[in-house]
J.: 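Shown below is the structure under consideration.
Residue numbering restarts at 1 for every chain, and letters A, B, ... go by the order of the sequence lines. Nothing here was measured: the structure is a model prediction, and the numbers come from that model.
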Amino acid sequence: MYNYLARRLGFMLLTLLFVTVITFAVTNILPGNVALLILGPNATDQSIQALQSQLGLDQPLYIQYIDWIVGLVQGDMGTSLRFGEPVATLIAEKLGRSLLLATAATAIAVFFAIPLGVISAVKQNELPDLLASMFGFIGISIPIFLWGLVFILVFAVWFGLFPTGGYVPPSEDPVATLTHLVLPASSMGFALTAYIMRMTRSSMLEVLSEEYINLARAKGMTQRVIVLKHALQNAIIPVITVVAFQFSYAFGGVVVLEEVFFWPGIGRLTLTAIQSRDIPLLQGCIIVVALIYMLSNLTADLLYGYFDPRIRYGGDE
Amino acid sequence: TGGDGGSDTETSGDGGSGDGGSTESGSSGEASSGGTLQWGGAVPVQGLDPHLDSAAASSRVLENITEPLIQLDFDYSLNPHLAKEWTTSEDNTTLTFTLEEGVTFHNGKEMTSADVLASFERIANGEYLATGFFDFVDSMEAPGDYEFVINLSEPFAPFLARMATSEMHVLPEEQAQEDKITEPIGTGPYQFASREIETSFTMEKYEDYWDQDEEDGPFLDKIVKSEITDPSVRLQSFRAGEYDFINGIPPKDVQSVQNDSSVRFETQFPKALVYLGLNCNEEPFDNKDARLALDYALDKEQITEAALYGTGQATASPAAPGSPWVNEDVEPRPRDLDKAQEHLEKAGMPDGFEVSFKIPQSYPTQVQGAKVIADQASDAGITMNIQQITWSTWLSDVYTNQNFQATTSSYLALYYPDVSFYKFLHPNGAFFFTGWENEEYNELVEEARRLYDEEQRAELYHEATEILQEERAGHLLLWWQPNLYGSSTDYKGRIGAPDGSTLRFRDNYLE
Amino acid sequence: MMSTSTFSISDARKERFERFVRKFRNNTKAMIGLVIVVLLVLVAIFAPVLAPYPIDKTSIEDRSEAPSVDHPFGTDDLGRDIFSRVVMGSRISLRVGFGAIGVALAAGTVIGVVSGYYGGLVDELLMRLMDAMMSFPPILLALTLLVVLGPELNNVILALAFVYTPYIARVGRSATLSETNESYVESAIARGESSGRIVFSEVLPNTTAPLLVQGSLNIAFAMLAEASLSFLGLGAQPPTPSWGLMINTGRGFMQTAPWMVIFPGLAIAITVIGFNMLGDGLRDVLDPKVDAIE
Amino acid sequence: MSTTTPDTEPSSSSPLLEVRNLRTQFRTENGTVVAANDVSFSLDAGETMGLVGESGAGKSVTARSLLQLIDSPGEIAGGEVIFEGENLLDYSEKQIQRVRGNKIALVPQDPMSSLNPVLTVGEQIIETIVHHQGMEREEARTQAIEAMTEVGIPDAAERVDDYPHEFSGGMRQRVLIAIGLSCEPDLIIADEPTTALDVTTQAKILDLLNELQEEKGMGILMITHNLGVVAQTCDTVGVMYAGNLVETAEMHELFRRPQHPYTRGLIDSIPQTDTAYDELPTLAGSMPDLEELPTGCNFAPRCEHAIEECRTGGDPALEPAGDGSSRAACIRSDELDLSQGYVPDDIEREAKAVDRSGQPLFEVRNLEKYFPAGDGVFGNLSITRGNGGLPKLERREVKAVDGISFDIYEGETVGLVGESGCGKSTVARTALKLLEPTGGEVYFDGQPMHEMGDSEVRSLRREMQMVFQDPHSSLNPRKTVGQIIGRAMEKHNIATGEEKRERVGDLLERVGLSASAAKKYPHEFSGGQQQRIAIAHALAVEPKLIVCDEPVSALDVSVQAQILNLLNEIQDEFGISYLFISHNIGVVRHICDRLAVMYLGKIVEFGTIDQVFDTPFHPYTESLLSAVPHADPTRTSERIFLEGSVPSPIDPPSGCAFQTRCPKKIGEECETVEPDLEEKEAGSGHYLSCHLSVEEMSDSESRTQSAQSAEPQHGD
Ligand SMILES: Nc1ncnc2c1ncn2[C@@H]1O[C@H](COP(=O)(O)OP(=O)(O)OP(=O)(O)O)[C@@H](O)[C@H]1O
Ligand SMILES: Nc1ncnc2c1ncn2[C@@H]1O[C@H](COP(=O)(O)OP(=O)(O)OP(=O)(O)O)[C@@H](O)[C@H]1O
Ligand SMILES: [Mg+2]
Ligand SMILES: [Mg+2]
Ligand code: NI
């Protein structure tokens, strides 16, 4: 397990290095002039240049990169050009909400997807399977933002059950936080359900054709025990990875969904950063999102390791 | 003026008031104090430095936090405010202000002429929005605690008007020494409480407001602005009862909002002028005939209708409708495809031409209009490839680098003609970017700056307008659009502010 | 299908092809997917014939009309015929789907196969790079790229190709890895083949099945992504009848003119379902393990 | 030892299990395949019945049908399975669940994949007990530990909570047997319980099964394709062919007087460790596809005794044959006398004239190959906790090949045998430079290959070819046979165009296929045919050396013999040298001139076939030889059981690598000093790596061959 963990971390560091390079490269070729944006159209050339050197924008790129990395390592992501506040503060404020949304969506999805997946694998090619697979196809084939719009129309506008969007901090009114969460979380959860369900199904099908399932049958175990104990425990392992992946997907999907529901999370912050060419902020957002992504994959790997005794006790595999 | 014409990141229709009367709704009963106003705002508040921030969204809240010496009234007259009176010397070069006494800043300190001087010096010596105006200022003095004097080098008509905008609001001396201000301290009826970037902004009543009044407020304890950029979502949420007040109702929904008896609907016209910007330094629009061909290809009325659903008005004059600066004789060119073809031929492009058409994506009405423009232009053989770009790209590509062929943009309904005629259309104007130059025109608007007589000035502007039309300036004006507000019926008081781009909450209250 | 005598397909290949066709036919999912995709392609090809109105003809008098005989899907806020736009929109979706994934397939396959075959440091670096690319949420990455490249349909294709390359590369790599375990690769080395030839002539053809499956699934994703990007205003530009863009415009009319959203929404859903089903079905059909009839 | 149990008297009562006309079929896209057709047999309590036959004959299907374990698209189409007087096929799913694992247990074939990886082995035994006997878990646990102890798992009480991956293959097979035994069933169905195991482990498991049966007296249905296994464990035997039971007989009777020509062929084609023939007797052809069975007797196309009637008269029924209890499905069983097996020419095997005086064709010196343990570039780095508890980074390696030297002369076949994982394939790959060696020298025809660059090696490849274990995977599925073989010729400029096509045809005919095979794809051929194609591919470039990595271990016995014969013929014809790798020591005897025995990356014994197969033995060679089951029930031999399993090549034992398992270990010296591979008798060319003296190595106290083993054909 130590080795496993160490190796995953090693991979992650290398990946992280690439992530920083890509982030830096892409954000630095964004069109537009930051100084101009800050100073406004009235600015003179001198003042623009002064600001640029103050921001370190006149340094060669690789120096800027190194400065940036050094800052990152020290937890300093710079100052937002647009808002003049530390990027870390800005992100910290939003991150929690996006995590809340993504977590809620994933939880909803897992809650429905795993039983559905198991049922459709066990009843392969029978009615429940067909229904579930129809549901799955619909779930993954309609863009999340469309689900969002439909949910708003139906549940917020027509029935008035939930607010159309926005966010209320739990410190203010926890119940309102929840009611505001329901629609965005479930419209994303809907799409995720489909993915996780399909994965559960195929993982279950694979496991069900394993030799040890045959043996369990030959031992006289009942179908229930075979499915829930022998098969599911194995099938769930790859599903964990998918869940983690879907979590990060959900986290990425919030860019659009937050826009639809006006959920003030990191997705909208990123859009703002893009639109105002706020490079430090954009870099911060991208890095944080990528980091969350990697961490959730790392978590998946660790859970995988935990659930799979071959890795848990094997040291290597 | 709140912003630099239309150049701030705001979505469609929002802004101030100005069209006297229509925004006052039956405030029959007694104004009641207290309560929190939930405001569904269109554009997120940007920077909070009143001297630096050009965004209308910022001005909209700053209007209530910091204050000017002179304030614009709904009838477009300038009234004393922090300066209880002012005098102008015979030769129009010395301005003397007598300040109100007992005015305190939100930090409790009393306001004196030292603060005014510090604030103005900050602008004069820095890189702020109004810095250019101080080119005409010789000196400033604070002879007494409540007396403040400005000496101009020559008569400069727009100066007083500029003083009424947040670009020249008064800040406490300590803050005036800072380069950048993030939490402004002012003397206004509301004080900054908190904000979350791109999400919400909160102001609270300033209990010691110097100009408190039983009738005029301030009344509201708190104003919470939630920043919902999508107009449809904003409207939906408003209708779902989440807000007491919203600005920027989409024009397409005006009808249904008007028909809704549970909504108090207010419109303020005009708010902004939208124009089609043509790059006169580059092919094909460096050719006057090419510009005319396009002008003739477009049906401005149709375009306005498509974008504004009857809430706007097509125009050919940069002066705000209803102001004396408007030349009533100049009207938009009617659509005439034959003439368009004629001009195309004159321009040497009988088969038409193809241009890129950069639209700032955050303005739905402009996007909407652009689609119709492109369609109509195509009938004349002119292909306009729409490209939606972000505001920051617009600023750098279109405005700074002039790397564009056609674009749309807007400016706010500035009552002061200098902005409309000089800032955008004079080569020395702060926001000159289409490259269209005309000696005669330039002389006219320069002369107008020095005149204090309304009629004489109007005459010059009328002439200038004709030149714009004749020469088909790089600004092909499209339409004036209104500000559209909605509120719950128990929200009382006059909505908006005279300059069209901001909001004054001082006398507003919830029943 | 190609039974003319001019084609001398070897018996075996023909038989294998027939077998494939048979299995394909028996697979409901694959068939539904195929039918949808074929219909879509037909619609795209004949779109100009099928569309009764020009897609960018605005007409304010006809704005926001409900579906009728004249306008089966109604009109939009500028009075344009939605049916025509949806029909023409199929071209956009297909162009993005095939274009982006085509490029991604080319790049991803090479990266994947090279990485899988050579292993070692090359593999490690390439794969970590791919991991890094995959660490960005697809939409976010595409969005950022589009701001850099400028919003235009061709750039959407490029950006999406970039985004989906690592997914293809991964599949290509694992397919290659499982192929390199087969001893025919060693046999080729023992024969003295150069590694380039082994990679491209021996290994590559054997990785087509999983790549094909991944490709068709990713086409679906790319189409969805295009819709999302256009929805955010950074994808296709008006008056391009991109379905995502149409939904974006229609979004404000959900209550007053729902057809502005419903029809493009349905078009996206059906198209994406088609490619998903086709991909899923292909996976079953190409999987040698699933040999039994259904 | 005596491996056969005393014949059980046919019990007067009804048999434990009686199968009548069982028919199981699969619906496939090409129609219905009858995998078990009209199968009838019976099995008494305490009896072991073997079910043998080639792959695909229907053995597993038959066994699984007994417990209704056939899944769609399969179905049991008819017949009865009478167990304890009741027809199991009439049972509902609920009822049969109470029989499965309780009254009738199944021991599956593959120990690696048959245990649930996420459950402890204990849990997998306990759940069976709890389920069937309704015991408390605590009690069941005790019983599970007992069962584990019974099957010979040391420290069962501690290992009960281990996970399957912590056990070796042999141990896992024991666990599977323990699961089978846990409810003390009346019948155990063992489906090839040893096929996946090494010979040494296989011997132990078979022994265990025999012992357990003697102790508990349950019936065993032993499924295997290895007649050697049958000879050692069974009382009665059923021979299956293409879905039919073609012969049933008492075991000794079967070997003495087979009644079906197929049985005869099967017995003959098994290479014996202690017998040398020039040419292995073979069964021509291969089993027909169940989808297109011949019209007459299924075996007729391959039967040398077949007459017209056989080919047309329909499938013969299983009927009593001979004077014993045998039954056979052959219309000619009465007229044929098959008691006489294949008699090899009585001549000593004509020693091939291998000239070993000159320079060897191929020479390997101190070859080493270390793999990084684990995956990825950083994979071999591992963190270990040092003494102080501080983690420390360490580079770990698998020493797959650790200093090996041998040479091959022209026209010679050198064999390489050893248990799985000892590094045989790695030797082959590194020697041919398919893998970069870690160290050592390789000379081909005197040229130092280890010093050559890539392109030089590539052009040298023409001289050296390789044939792989799995013929199916060694042929690119996307290319036709003609393309595959032709490519090799093109590559080395041997022939192109029309000439190439001709030569491909010739080659295909040479390896026993028709020239038209060139147009087909590999998957259209059976395993044996594919291996022939692989050989043709190797021959295409006219090499001097072919390395054969287990070329026959994936093939059925009958086909195995064909391929071995083919290799021999080709050698005679072209004078090629072979490096022949196998884990089956029986096979090498028939093809090799000299033999190297490998253990854990090192050669422990090297010499001519006769030297290796005779004293002095390295203790490891000795145990390998003794473990091979022979297909002759009349002969018994003392088995030498090796303790434990092969140690990990990541950290091999100190001293002699074999010391941890050596039955003849002498002490200290073995643990500390690594023995050299040296000629025990100067000039003999027989190398041994052992601290024992020649006498000790020759002393076969543990190798008492029974008297009757002195068979005439023993050709030493
Ligand atoms: N699921 C299935 N679908 C179709 N045919 C099958 C299936 N399972 C088995 N068969 C057919 O049944 C025949 C007998 O298979 P079976 O597994 O009993 O062979 P076997 O004698 O056990 O061979 P082996 O020694 O390889 O285990 C095979 O030839 C195969 O064609
Ligand atoms: N590419 C590799 N990377 C790491 N370890 C390897 C690699 N190839 C082989 N090994 C290890 O080297 C050892 C020897 O393997 P090899 O395949 O040579 O054994 P073998 O004798 O051919 O076994 P078998 O009879 O199973 O084919 C094994 O422990 C194996 O795990
Ligand atoms: Mg079997
Ligand atoms: Mg091997
Ligand atoms: Ni023996």
J.: For the interface with chain A, which of C/Met130, C/Met134, C/Met133, C/Lys29 has the highest count of heavy-atom pairs at distances below 4.5 Å?
T.: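 Looking at each of C/Met130, C/Met134, C/Met133, C/Lys29 in turn, C/Met134 comes out on top.
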
J.: So what's closer than 4.5 Å to chain C heavy atoms on A/Ile287: side chain, backbone, both or neither?
T.: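 Neither; nothing under 4.5 Å.
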
J.: Go through C/Leu143, C/Leu140, C/Leu129 and name the one with the most non-hydrogen pairs under 4.5 angstrom from chain A.
T.: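 Option with the greatest count: C/Leu129.
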
J.: Is it the side chain or the backbone of C/Leu229 that comes within 4.5 Å of chain A heavy atoms, both, or neither?
T.: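 Interface part for C/Leu229: neither.
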
J.: Considering only heavy atoms and a distance below 4.5 Å, find which of C/Arg128, C/Met127, C/Met223 pairs most often with chain A.
T.: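 Result: the option with the highest number of such pairs is C/Arg128.
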
J.: Can a donor-acceptor pair be found, under 3.5 Å and without considering hydrogens, that links the side chain of A/Tyr293 to the backbone of C/Ala132?
T.: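 A pair under 3.5 Å: no.
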
J.: Please classify the contact of A/Ile142 with chain C as side chain, backbone, both or neither, using a heavy-atom distance under 4.5 Å.
T.: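 It is both, since atoms from each part get that close.
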
J.: Taking side chain as C-beta onward, heavy atoms only, is C/Asn248 less than 4.5 Å from A/Phe145?
T.: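 No, their side chains stay 4.5 Å or more apart.
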
J.: What part of A/Phe137 gets closer than 4.5 Å to chain C, counting heavy atoms only: side chain, backbone, both or neither?
T.: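 It is both, since atoms from each part get that close.
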
J.: Which distance, rounded to the nearest 0.5 Å, do you find between the CD1 of A/Ile140 and the CG of C/Leu217?
T.: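 Reported to 0.5 Å precision, the distance equals 7.5 Å.
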
J.: Select one option (side chain, backbone, both, neither) describing which atoms of C/Ile268 are under 4.5 Å from chain A's heavy atoms.
T.: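 For C/Ile268, heavy atoms of backbone and side chain both lie under 4.5 Å from chain A.
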
J.: With only heavy atoms counted, which part of C/Asp280 is less than 4.5 Å from chain A, the side chain, the backbone, both or neither?
T.: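 Side chain of C/Asp280 only, per the 4.5 Å heavy-atom cut-off to chain A.
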
J.: Taking atom CD1 of A/Ile22 and atom OG of C/Ser135, what is their separation to the nearest 0.5 Å?
T.: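 It comes to 8.0 Å.
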
J.: What residue in C/Ile247, C/Leu232, C/Leu266 has the most heavy-atom pairs under 4.5 Å with chain A?
T.: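 Highest number of pairs under 4.5 Å: C/Ile247.
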
J.: Quick one, C/Phe136 and A/Ile286 - any side-chain contact, counting heavy atoms below 4.5 Å?
T.: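 Yes, close enough: below the 4.5 Å cut-off.
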
J.: With a 3.5 Å cut-off and sequence neighbours excluded, list the donor-acceptor pairs that the side chains of residues 149-159 of chain C form with protein atoms.
T.:
residue	atom	partner	partner atom	Å
C/Asn154	OD1	C/Arg95	NH2	2.9
C/Asn155	ND2	C/Leu149	O	2.9
C/Asn155	ND2	C/Gly150	O	2.7

J.: For C/Arg251 and A/Val260, which heavy atoms make the closest approach, and how far apart are they?
T.: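 Closest pair (atom of C/Arg251, atom of A/Val260, distance): NH2-CA, 3.8 Å.
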
J.: Within the structure provided, determine whether A/Val256 and C/Phe231 are in side-chain contact (heavy-atom separation under 4.5 Å).
T.: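 A side-chain contact exists here, since the closest heavy-atom pair is under 4.5 Å.
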
J.: Chain A heavy atoms under 4.5 Å from C/Ala227: which part of the residue, side chain, backbone, both or neither?
T.: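 For C/Ala227, heavy atoms of backbone and side chain both lie under 4.5 Å from chain A.
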
J.: Quick one: do A/Ile152 and C/Met254 satisfy side chain to side chain contact (heavy atoms under 4.5 Å, CB included)? Show the steps, please.
T.: CA-CA 10 Å; A/Ile152 289 179; C/Met254 291 270 283; over 6 Å; no

J.: Show me the donor-acceptor pairs, under 3.5 Å and distance only, between side chains in residues 269-278 of chain C and residues at least two apart or in other chains.
T.:
residue	atom	partner	partner atom	Å
C/Thr271	OG1	C/Ala267	O	2.7
C/Asn276	ND2	C/Val272	O	3.4

